[in-house]
A.B. asks: 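Before anything else, here's the structure in question.
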Amino acid sequence: MKLCLRLGAGLGALLPSCALAAASGPTTVLEPYVVTAARAPQTTEQLPVAVDVFGGDELQASPASTVDEALRASAAFSLFRRSGSLIANPTAQGVSLRNIGPSGASRSLVLLDGVPLNDPFGGWVAWSSVPVGSLDRVEILRGGGSGAWGNAALSGTVQLFSAAPDQNAGQATATFGDFGWKSGEAGVSQRLGASTLGLSLRSFSFGGFQVVGPAQRGPVDQRLSSRHQSGRLSWRTNLGGQTALQLSGRYFHEKRGNGTPLQNNESEAGQVAASLSGTGSAQLTWNATAYYQEQSFASFFSSVNATRTVDTPANYQFDVPATAGGASVAVAWQKARSTTSAGVDLRRVKGETRERFLFASGQFTRVRRAGGEQTFAGIFLNHDRALAETWRGSIGARLDSWDNAEGHRRETDSATGAIVRDDRYAAQRGFEFSPQLGLVWTPATGLKLRSSAYRAFRVPTLNEYFRPFRVGALTTEANPALQRESLTGGELGIDFNRGHFRVSGTAFVNDLWNAVANVTQTPTARTRMNLDRARIEGLELTGDWRPVPTLRLHADGLFSNARVRQAVVRPALQGKRLAQTPRLAFSTGFDWQLAKNWKLNSMLRHASSQFEDDENSLVLKSATTLDLGLSKRWSSGLELYFAVENLLDRRSETGLGADGIVTLGPPRLGRAGVRLHW
């Protein structure tokens, strides 16, 4: 147990294995350490906000097949649509927390080892690029209380931490399943003097299933398909004392078939990063990170006729090059009664869409190039201290500057090369102040009451500013005049922890100002516009119980009401619910350690009905799915596992077009595999 404590303090998180070890004996289960809230290691009992922590073992044991699906164990977590990254178009993989304005562009900041994972051009997240087996843990900070991170952390922050390379260790996994599922993953690490070199590779192939139901399906409808490969190379060395340097490189390539002969997309991304961390004294820790990202994206969209017999080209996004570079420095120092953290961040993004559109007489007649550059710089300071024996307070502030430059939209005639549109947009600049306050009261052992108030912001992505797009017959126009979004909110919470029983509840209210929405103009046209104010209020309830050391029961629920309160541009939207926001979402399940190293896991998830569109005219029915996983591990390091997602083969509606065509989530999907550790 002492080893667990040292690891927890050094890594900033209590490892899952430590929690399990504590559960098996009389020792009290300790609160985990997290670093995402204030960018400094703190136990969750010190925090005035709600945080979920998923350990690497917990993620691997989940019956879910992808990271984003595993994280849906938190009812606050969802992508733009119900469909996960296994089948969703990459542009629909933005993260929403607490139903705060779901959109394809994530309103939550997603980080991988402190580096933004959000797409530089569009803000969505390539979840497929992060294998479940590569992670040490994930922290989800619900709500806008993570102002220490600045832009995009509007509805919260999700931070993924890669597993550090072990000394002379390795792992290999092979999985096969329904619908042509094939995947393989391997990772090795080797100690070289004072350094450790790690390499991991993954290959994935999925033949897919039909997303249009049999009653509406036509000759043009095909199975979805997905193939991707990824790799990571890392090198970590001790520079002496408590200082360590880590260099890493990542690569990801993906191809998807999106349900018809013409619809497909392809992504390619690479990243290099360097991180220098150390401990100046027993109370001082620091970290400096620099990174560079480069990627490309291509996607073909089509329009299908009413009888679903003809697939007609609509738009060909043949290249979307984007780059991002940045750096951050964070310092934290602790005293007997307080923790202080401070730092600076810089991020610069450049991207452009290059596409062909206006299909006529068998060919595209126009070529469009649109994009720009964005720069973000910020400085933050947080301070947390004990105010009395049972009271603890925190205060934080961040100041950001942002800049949009080189905005452009140029369209030419494909046949003649003549310029038919050449717009250049004036630069936009601004400053944002993001304060946050928190108070924690522990009147008795195991009982905590907390409150917090905060402000956060998000600048629209280059995609939202400059790129119109078309899906089927529906065209959505870009808007270079969009204003930045801001959120003001607060929450009250209570946490009760007695031995192996935990329960918590949080009530929150958030006002989202200048919310970017796709506003309907006609049945076939929408425009990105700012809605003056939307209010999202809700209640979260979470429970976790270990009646015996080998069995854990857990449940998480979110009841929310997300509505437009003011919309000068379209008064008819006032009082309407935000699109893609179920009023009730919950998950429940168990983790059961059976005899002789057998483990059984289950996850039941439910989402009530929600609206596809801003006018609340297209209704998606409620959906419930049950996943089940079973594994057996031997002392030799060999493990066999089985999993079935949507065990009861329940229908889950993920999309509804104005033409009445419903798209569906995965049917029953089984898979089996073998994993070897050495």
Side-chain angles (χ1 to χ4, degrees), residues 4 13-24 29 32 52-74 77 84 86 127 130-140 160-163 166 169 171-177 181 183 185 187 200 202 500 502 542-556 587-605 625-647 669-677:
C4 294
L14 192 64
L15 299 182
S17 57
C18 300
L20 289 175
S24 62
V29 179
D52 299 314
V53 181
F54 295 86
D57 288 345
E58 182 180 357
L59 293 170
Q60 278 204 1
S62 169
S65 56
T66 60
V67 175
D68 55 294
E69 288 291 345
L71 296 183
R72 288 181 191 260
S74 169
F77 179 95
L86 180 65
W127 290 99
V130 186
V132 175
S134 70
L135 296 176
D136 174 69
R137 72 187 189 280
V138 177
E139 298 175 2
I140 301 178
L160 296 77
F161 295 88
S162 298
D166 292 327
Q171 173 181 307
T173 304
T175 307
F176 300 89
W181 181 298
S183 65
E185 184 176 346
S200 61
R202 185 174 194 251
H500 303 307
R502 304 184 185 199
T542 302
D544 190 293
W545 181 36
R546 290 185 183 272
V548 294
T550 57
L551 176 63
R552 171 178 170 254
L553 309 175
H554 54 89
D556 195 3
S587 67
T588 184
F590 63 81
D591 307 325
W592 190 7
Q593 184 73 52
L594 303 174
K596 297 182 180 179
N597 294 320
W598 285 92
K599 183 180 290 186
L600 183 65
N601 305 83
S602 75
M603 178 63 65
L604 175 73
R605 291 173 294 181
T625 58
L626 173 64
D627 303 338
L628 197 66
L630 178 66
S631 64
K632 163 70 172 177
R633 178 175 292 188
W634 285 268
S635 58
S636 61
L638 179 66
E639 180 182 3
L640 297 179
Y641 59 92
F642 310 88
V644 182
E645 296 181 70
N646 194 8
L647 177 66
L669 174 59
R671 65 186 192 280
V674 58
R675 184 181 292 118
L676 181 63
H677 302 263

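The shown structure was predicted, so the numbers you read here are calculated from the model rather than taken from an experiment.
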A.B. asks: Between the side chain of Thr588 and the main-chain N/O of Ala555, is any donor-acceptor distance below 3.5 Å?
C.D. replies: no

A.B. asks: Not counting sequence neighbours, which residues clear ring pair (Phe, Tyr, Trp, His ring centres under 6.0 Å) with Trp127? List them please.
C.D. replies: Phe77

A.B. asks: What are the two closest heavy atoms between Ala70 and Ala64, and how far apart are they?
C.D. replies: N-CB, 3.5 Å

A.B. asks: Do NZ/NE/NH1/NH2 and the carboxylate oxygens of Arg675 and Glu185 come within less than 4.0 Å?
C.D. replies: no

A.B. asks: Restricting to non-hydrogen atoms, name the atom on Ser65 and the atom on Leu86 that form the minimum distance, rounded to 0.1 Å.
C.D. replies: OG-CD2, 4.4 Å

A.B. asks: Any chance you could measure Leu553, atom CG, to Asp544, atom CG, to the nearest 0.5 Å?
C.D. replies: 8.5 Å

A.B. asks: Ignoring hydrogens, what is the shortest heavy-atom contact between Tyr641 and Ser631? Give both atom names and the distance.
C.D. replies: CB-CB, 3.9 Å

A.B. asks: Search all heavy atoms of Trp181 against all heavy atoms of Ser183 and return the closest pair with its distance.
C.D. replies: NE1-OG, 3.4 Å

A.B. asks: Could you tell me whether the side chain of Phe54 reaches within less than 4.5 Å of the side chain of Val67, counting heavy atoms only?
C.D. replies: no

A.B. asks: Just wondering, do Arg605 and Asp627 contact through their side chains at under 4.5 Å, heavy atoms?
C.D. replies: yes

A.B. asks: Distance check, rounded to the nearest 0.5 Å: Asp57 atom CG versus Asp136 atom CG?
C.D. replies: 9.0 Å

A.B. asks: Is any side-chain heavy atom of Leu628 closer than 4.5 Å to one of Pro63?
C.D. replies: no

A.B. asks: For the residue pair Asn646 and Leu669, establish whether any side-chain heavy-atom pair is separated by less than 4.5 Å.
C.D. replies: no

A.B. asks: So which atom in Ser74 and which in Asp52 form the shortest heavy-atom distance, rounded to 0.1 Å?
C.D. replies: OG-OD2, 2.8 Å

A.B. asks: With distance as the sole test, does Lys632 use its side chain to make a donor-acceptor pair with the main-chain N or O of Lys596 at under 3.5 Å?
C.D. replies: yes

A.B. asks: Enter the distance from Arg552:CZ to Glu58:CD here, rounded to the nearest 0.5 Å.
C.D. replies: 5.0 Å

A.B. asks: Roughly how far, to the nearest 0.5 Å, is OG1 of Thr550 from CG of Leu600?
C.D. replies: 11.5 Å

A.B. asks: Determine whether Leu676 and Val674 make a side-chain contact, defined as any pair of heavy atoms from C-beta on separated by less than 4.5 Å.
C.D. replies: no

A.B. asks: Does some side-chain heavy atom of Met603 sit less than 4.5 Å from a side-chain heavy atom of His554?
C.D. replies: yes

A.B. asks: Looking only at atom types and distance, does a side-chain atom of Ser134 sit under 3.5 Å from a main-chain N or O of Pro131, one as donor and one as acceptor?
C.D. replies: yes

A.B. asks: Could I get the full list of side chain to side chain donor-acceptor pair (under 3.5 Å) partners for Thr66, not counting sequence neighbours?
C.D. replies: Asp68

A.B. asks: Any ion pair linking Asp591 and Lys599 (charged N to carboxylate O, less than 4.0 Å)?
C.D. replies: no

A.B. asks: Heavy atoms, side chains only, cut-off 4.5 Å: are Asn597 and Trp634 in contact?
C.D. replies: no

A.B. asks: If you measure from CD on Glu69 to CD on Glu645, what distance do you get to the nearest 0.5 Å?
C.D. replies: 6.0 Å

A.B. asks: Supply the atom-to-atom distance Ser200 OG to Arg202 CZ, rounded to the nearest 0.5 angstrom.
C.D. replies: 10.5 Å

